[in-house]
Engineer: 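Have a look at this one.
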Amino acid sequence: MSNLQAPRGGAKEQPGLRYPTNGKTIYHRPLNRSKTAELSGASFAYLFSEMVSYASKKIESIQDLEKRLNVQGHPIGLKLLDLLLYREPARSQTRPLNIITLLHFIKINVWQHLFGQAADGLEKSSDPSKPDEYMIIDNEPLVNRYISVPRDMSQLNCAAYVAGIIEGVCDGSAFPARVTAHSVGKQEEGEMWPGRTVFLVKFAPEVMERESFLGKG
């Protein structure tokens with residue numbers, strides 16, 4: 001029996017994905033290749049304004065809009081956590097094990113990756129009855145820089161999207177929390193930071209119980 005041979009040029013006629021001549025696709029590129037890549041401000045402003053516009057359709061209140069922005073940011077936080085931990089040196093490639101370590105990771109690593117600098121502050125609630133509340137402070141959130149808020153929606157803070165990212169990082173680290181964005185800057189002449197925003201992080205009861213147990217150990 002004679003050996004059957006594939007016809008010449010058969011590879012070109014095969015349906016499906018087309019591969020480069022060198023045989024490498026986008027999946028062969030190292031993830032760290034884009035570590036220092038930056039998105040232009042104009043592109044981000046256009047994309048984020050469209051996201052806000054989409055989220056504002058058929059809303060009943062400002063809280064409803066902020067909730068939608070929060071939900072949009074949550075999956076970003078989950079994926080960003082894995083990406084940043086992957087980029088850490090092998091010896092420190094572990095998830096945060098306590099609240100303080102997690103919050104410092106968000107304040108420095110997450111903010112540096114998203115906005116090119118660390119957050120402006122990290123504080124714990126001074127109210128003894130609220131030991132589960134912490135605050136991350138940003139004097140001028142990038143997401144609010146290109147958003148014009150109507151007068152009838154003056155209480156809106158589009159940084160709720162960033163609050164969703166923080167919440168996703170917390171949930172992905174096994175520190176479930178509720179994160180909200182609050183405007184604390186005064187809209188007065190001469191005010192240095194009129195857009196100052198506080199991200200209030202309120203951890204779930206089981207997180208505080210675990211933290212207390214680890215503290216005793």
Side-chain angles (χ1 to χ4, degrees), residues 25-27 29-87 105-121 135-172 178-189 191-201:
T25 67
I26 189 174
Y27 302 106
R29 299 176 185 175
L31 189 60
N32 280 337
R33 182 175 182 176
S34 59
K35 181 177 181 179
T36 57
E38 295 182 359
L39 178 68
S40 70
S43 299
F44 172 78
Y46 175 76
L47 177 61
F48 188 67
S49 63
E50 289 298 311
M51 291 172 60
V52 174
S53 177
Y54 178 80
S56 63
K57 295 179 180 179
K58 297 181 180 180
I59 59 171
E60 298 180 356
S61 64
I62 295 176
Q63 290 73 22
D64 190 17
L65 174 54
E66 291 183 342
K67 177 61 177 177
R68 292 186 182 185
L69 292 174
N70 184 287
V71 171
Q72 288 179 350
H74 189 271
I76 303 298
L78 291 173
K79 296 177 182 178
L80 183 60
L81 173 65
D82 290 334
L83 175 62
L84 294 180
L85 290 177
Y86 168 80
R87 289 176 174 172
F105 176 81
I106 295 173
K107 175 181 181 291
I108 299 174
N109 300 59
V110 173
W111 241 256
Q112 186 71 38
H113 178 81
L114 293 176
F115 309 118
Q117 62 182 17
D120 297 297
M135 293 165 283
I136 299 174
I137 303 169
D138 192 329
N139 289 333
E140 191 180 7
L142 178 65
V143 294
N144 290 344
R145 190 176 301 173
Y146 307 103
I147 300 296
S148 298
V149 180
R151 290 186 177 181
D152 59 335
M153 301 180 69
S154 59
Q155 300 300 317
L156 172 65
N157 192 328
C158 292
Y161 176 75
V162 180
I165 295 177
I166 299 172
E167 193 170 318
V169 173
C170 291
D171 290 349
R178 178 77 178 100
V179 185
T180 52
H182 304 270
S183 299
V184 297
K186 298 179 180 179
Q187 302 298 322
E188 299 177 356
E189 186 176 353
E191 173 67 23
M192 182 176 293
W193 306 113
R196 184 180 174 92
T197 296
V198 169
F199 297 93
L200 181 63
V201 184

Engineer: If I take atom CG from residue Leu81 and atom CD1 from residue Ile165, how far apart are they, to the nearest 0.5 angstrom?
Structural biologist: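 Rounded to the nearest 0.5 Å, the CG-CD1 separation comes out at 12.5 Å.
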Engineer: What's the spacing between His182 NE2 and Glu66 CD if we round to 0.5 Å?
Structural biologist: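 Those atoms lie 8.5 Å apart.
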Engineer: Are the side chains of Phe48 and Leu142 in touch, meaning some heavy atoms are under 4.5 Å apart?
Structural biologist: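 No; the side chains remain at least 4.5 Å from each other.
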Engineer: Determine whether the side chains of Thr197 and Asp138 contain a donor N or O and an acceptor N or O closer than 3.5 Å.
Structural biologist: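 There is no such pair between these side chains.
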Engineer: Are Leu83 and His113 packed together at the side-chain level, in the sense that at least one heavy-atom pair is separated by less than 4.5 angstrom?
Structural biologist: yes
Engineer: Measuring only between side-chain heavy atoms, which start at C-beta, is Val179 closer than 4.5 Å to Leu200?
Structural biologist: no
Engineer: To the nearest 0.5 Å, how far apart are CD1 in Ile137 and NZ in Lys107?
Structural biologist: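 So the CD1 of Ile137 and the NZ of Lys107 are separated by 9.5 Å.
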Engineer: With the side chain counted from C-beta on, respond yes when Val143 and Phe44 share a heavy-atom pair under 4.5 Å apart, and no when they do not.
Structural biologist: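 Side-chain contact under 4.5 Å: yes.
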Engineer: For the residue pair Tyr54 and Arg68, establish whether any side-chain heavy-atom pair is separated by less than 4.5 Å.
Structural biologist: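 Counting from C-beta outward, Tyr54 and Arg68 never come under 4.5 Å.
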Engineer: Any side-chain heavy atom of Val198 sitting closer than 4.5 Å to one from Ile136?
Structural biologist: no
Engineer: Given the side-chain rings of Phe199 and Trp111, with only the six-membered ring counted for Trp, is the space between their centroids under 6.0 Å?
Structural biologist: yes
Engineer: Looking only at heavy atoms, which two atoms of Gln155 and Ile62 are closest? And how far apart?
Structural biologist: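 Nearest pair, atom of Gln155 first, then Ile62: CB-CD1, 4.1 Å.
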Engineer: With a 4.5 Å heavy-atom cut-off, do Cys158 and Leu69 have their side chains touching?
Structural biologist: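 Side-chain contact under 4.5 Å: yes.
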Engineer: Is any side-chain heavy atom of Tyr161 closer than 4.5 Å to one of Ile76?
Structural biologist: yes
Engineer: Write down the atom of Ala159, the atom of Pro141, and the distance for their closest heavy-atom approach.
Structural biologist: CB-CB, 4.4 Å
Engineer: Once side chain to side chain donor-acceptor pair (under 3.5 Å) is applied, do any residues pair with Asp64, and if so which ones, sequence neighbours excluded?
Structural biologist: none
Engineer: Please give me the minimum heavy-atom distance between Val201 and Ile166, naming the atom from each residue.
Structural biologist: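 That would be CG2-CG2, 4.4 Å.
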Engineer: Could you give the distance from CD (Glu60) to CG (Leu65), rounded to the nearest 0.5 Å?
Structural biologist: 12.5 Å
Engineer: Looking at Asp120 and Glu140, what are the two nearest heavy atoms and their distance?
Structural biologist: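 That closest heavy-atom pairing would be OD2-N, 4.4 Å.
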Engineer: Rounded to the nearest 0.5 Å, what's the gap from NZ on Lys67 to OG1 on Thr180? Could you check?
Structural biologist: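 Going from the NZ atom of Lys67 to the OG1 atom of Thr180 covers 10.5 Å.
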Engineer: Could you give the distance from CG (Leu84) to CD (Gln112), rounded to the nearest 0.5 Å?
Structural biologist: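 Here the rounded value is 10.5 Å.
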Engineer: Which pairs with one or both residues in residues 153-171 pass salt bridge (Lys or Arg N to Asp or Glu O under 4.0 Å), sequence neighbours excluded?
Structural biologist: Glu167-Arg178
Engineer: Taking Ala45's backbone N and O only, do any of them form a donor-acceptor pair with Ser49's side chain (distance below 3.5 Å, no angle check)?
Structural biologist: yes
